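To keep things clear, I will list the structure first and then write my remarks on it.
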Amino acid sequence: MPSTKPYQPLILRILHGITALLVISAAITGFLVYDSWDGRFGRLALTLKNREFIDIHGTFGFFFLPIMILFTIYSIRVGYRRLIQANSFSKLKEFGKPIWWYTLQRFANSLMLISALFALLSGKFQDENWLPEGQLNHPWYYAHLIAWCGVVVALALHLLMSVKVGGIPLLLSMFDAKIHPDDSPKLWSEKVKIWLRNPHL
């Protein structure tokens with residue numbers, strides 16, 4: 001397990017932190033909505049039917065949209081090395097080696113990104129009146145339930161693989177307040193221009 005904490009770009013820390021907060025909050029409120037109004041596939045009965053949970057869940061989805069767009073662009077254009085690569089499937093043959101674990105982490109990161117996008121997309125096709133009116137069989141509602149399951153599984157894999165590859169120092173690096181001089185917000189506009197022209201820098 002690595003003993004030193006890696007440095008993460010400030011933009012990544014901000015986007016990742018906000019995205020994580022919104023994803024976890026949406027997942028929790030999403031379950032409360034399901035637990036309150038549906039529960040066909042199992043329930044904990046934590047709450048009574050409450051319209052406010054639907055509104056709160058939708059609010060998280062509303063704020064999640066612009067953040068997810070920015071984070072997706074950053075991940076594909078700048079953080080592409082942390083996602084599935086062209087040779088990732090061939091690297092899975094090297095079972096047990098470090099590259100095998102790094103490849104699994106890339107798959108987990110990619111799955112997290114795809115699951116969050118699917119949850120966001122399927123959520124946009126929901127009608128907030130479906131559940132209060134007892135309309136539980138809409139295809140997009142089922143899609144959103146599947147997306148919720150995907151997000152929970154992907155989040156667990158994302159955390160497990162991150163701990164396996166980078167240990168606790170990697171997790172803590174996302175909350176580090178340290179800022180390198182060349183990572184100053186004053187330089188962001190120029191960096192964005194460079195990334196858009198050449199994401200491999």
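Computed over heavy atoms, backbone and side chain alike; hydrogens, waters and symmetry mates excluded. What you see is a predicted model; the values in this text were computed from it and never measured.
To the nearest 0.5 Å, the span separating CD1 on I54 from CG on L32 amounts to 11.5 Å. Within the model, atoms OG of S110 and CG of L157 stand 12.0 Å from one another, a figure rounded to the nearest 0.5 Å. Considering CH2 of W130 and CG of N137, their distance stands at 11.0 Å, rounded to 0.5 Å. For the atom pair L12 CG and Y74 OH, the distance stands at 4.5 Å (nearest 0.5 Å).
Listed by chain and number, the residues in a side-chain hydrogen bond (donor to acceptor under 3.5 Å, both in side chains) with R51 are N129 (sequence neighbours excluded). Not counting sequence neighbours, the partners of T72 by the side-chain contact (heavy atoms from CB on, under 4.5 Å) test are M68, I76, L113, L117. Remark: S36 pairs with T47 by the side-chain hydrogen bond (donor to acceptor under 3.5 Å, both in side chains) rule, at least two apart or across chains. Remark: L10 pairs with R13, I14, I179, D183, P185, W188 by the side-chain contact (heavy atoms from CB on, under 4.5 Å) rule, at least two apart or across chains. Applying the side-chain hydrogen bond (donor to acceptor under 3.5 Å, both in side chains) test to E190 and every residue at least two apart in sequence or in another chain returns nothing. Residues that satisfy the side-chain contact (heavy atoms from CB on, under 4.5 Å) test with H57, not counting sequence neighbours, are A26, T29, V33, H144. Considering only residues two or more places apart in sequence or on other chains, D182 meets the side-chain hydrogen bond (donor to acceptor under 3.5 Å, both in side chains) condition with none of them. For F175, there are no ring pair (Phe, Tyr, Trp, His ring centres under 6.0 Å) partners, not counting sequence neighbours. A20 meets the side-chain contact (heavy atoms from CB on, under 4.5 Å) test with no other residue; sequence neighbours excluded.
Judged by distance alone, with hydrogens and angles left aside, the side-chain atoms of T103 form no donor-acceptor pair with the main-chain N or O of K91 at under 3.5 Å. At least one donor-acceptor pair closer than 3.5 Å links the side chain of W100 to the backbone N or O of L92. Although no hydrogens or angles enter the test, the distance criterion places a donor-acceptor pair under 3.5 Å between the side chain of Q85 and the main chain of Y80. Remark: the backbone N or O of W140 is paired with a side-chain donor or acceptor of Q126 at under 3.5 angstrom. The backbone N or O of I84 lies less than 3.5 Å from no partner atom in the side chain of S88, so there is not a single donor-acceptor pair. The backbone N or O of A119 sits less than 3.5 Å from a side-chain atom of S122, completing a donor-acceptor pair. No donor-acceptor pair closer than 3.5 Å links the side chain of W37 to the backbone N or O of K49.
Contact check for K124 versus L120: side-chain heavy atoms found under the 4.5 Å cut-off. Within the 4.5 Å cutoff, no side-chain heavy atoms of S25 are placed close to those of I56. For the pair H138 and D127, the minimum side-chain heavy-atom distance is 4.5 Å or more. Side-chain atoms of T19 and F64, non-hydrogen and from C-beta on, do get closer than 4.5 Å to each other.
The environment of OH in Y7 is crowded: more than 12 heavy-atom neighbours from other residues, nucleotides or ligands sit within 6.0 Å. In this structure, E52 places its CD atom where only 12 or fewer heavy-atom neighbours from other residues, nucleotides or ligands lie under 6.0 Å away. Counted within 6.0 Å of OH on Y142, heavy atoms from surrounding residues, nucleotides or ligands total more than 12; the atom is thus considered enclosed.
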Using side-chain contact (heavy atoms from CB on, under 4.5 Å), reason through L83 and F107 one step at a time and then give a plain yes or no. CA-CA 7 Å; L83 301 176; F107 273 98; over 6 Å; no

Before you tell me yes or no, could you show the steps for L170 and Q105 under side-chain contact (heavy atoms from CB on, under 4.5 Å), namely the whole-Å CA-CA distance, both residues' side-chain angles and the distance that decides it to 0.1 Å? CA-CA 12 Å; L170 177 58; Q105 185 197 30; 3.8 Å; yes

Could you check F31 against L44 for side-chain contact (heavy atoms from CB on, under 4.5 Å), going step by step and ending with a plain yes or no? CA-CA 10 Å; F31 176 77; L44 298 179; 3.8 Å; yes

F41 and L145: CA distance, side-chain angles, deciding distance, side-chain contact (heavy atoms from CB on, under 4.5 Å) verdict: CA-CA 10 Å; F41 308 104; L145 287 179; 4.1 Å; yes

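Sequence neighbours left out, the pairs with a member in residues 167-180 that pass side chain to side chain donor-acceptor pair (under 3.5 Å) are Q8-S173. Sequence neighbours left out, the pairs with a member in residues 19-47 that pass salt bridge (charged side-chain N to carboxylate O under 4.0 Å, His left out) are D38-R40. Listed by first and then second residue, the side chain to side chain donor-acceptor pair (under 3.5 Å) pairs involving residues 149-159 are N109-H158 (not counting sequence neighbours).
One hydrophobic cluster, built from ILVMFWY side chains closer than 4.5 Å, cannot hold both L22 and F118; they sit in different ones. Both I28 and I67 are members of a single hydrophobic cluster when ILVMFWY side chains are connected at heavy-atom separations under 4.5 Å. Taking hydrophobic clusters as Ile, Leu, Val, Met, Phe, Trp and Tyr residues chained together by side-chain heavy-atom distances below 4.5 Å, F71 shares a cluster with L65. Cluster annotation: I24 is connected to L15 through the hydrophobic network of ILVMFWY side chains, with a link wherever side-chain heavy atoms come within less than 4.5 Å. Following chains of ILVMFWY side-chain contacts shorter than 4.5 Å, one can reach I18 starting from I69, so the two form part of one hydrophobic cluster.
Residues P181 and L187 come closest through the heavy atom pair O-CD1, 3.8 Å. Of all heavy-atom pairs spanning I99 and R106, the tightest one is CD1-NH1, 4.2 Å. Minimum heavy-atom separation, W101 to M161: CZ3-CE, 4.0 Å.
The six-membered or imidazole ring of Y141 lies away from that of Y34, with a centre-to-centre distance of 6.0 Å or more.
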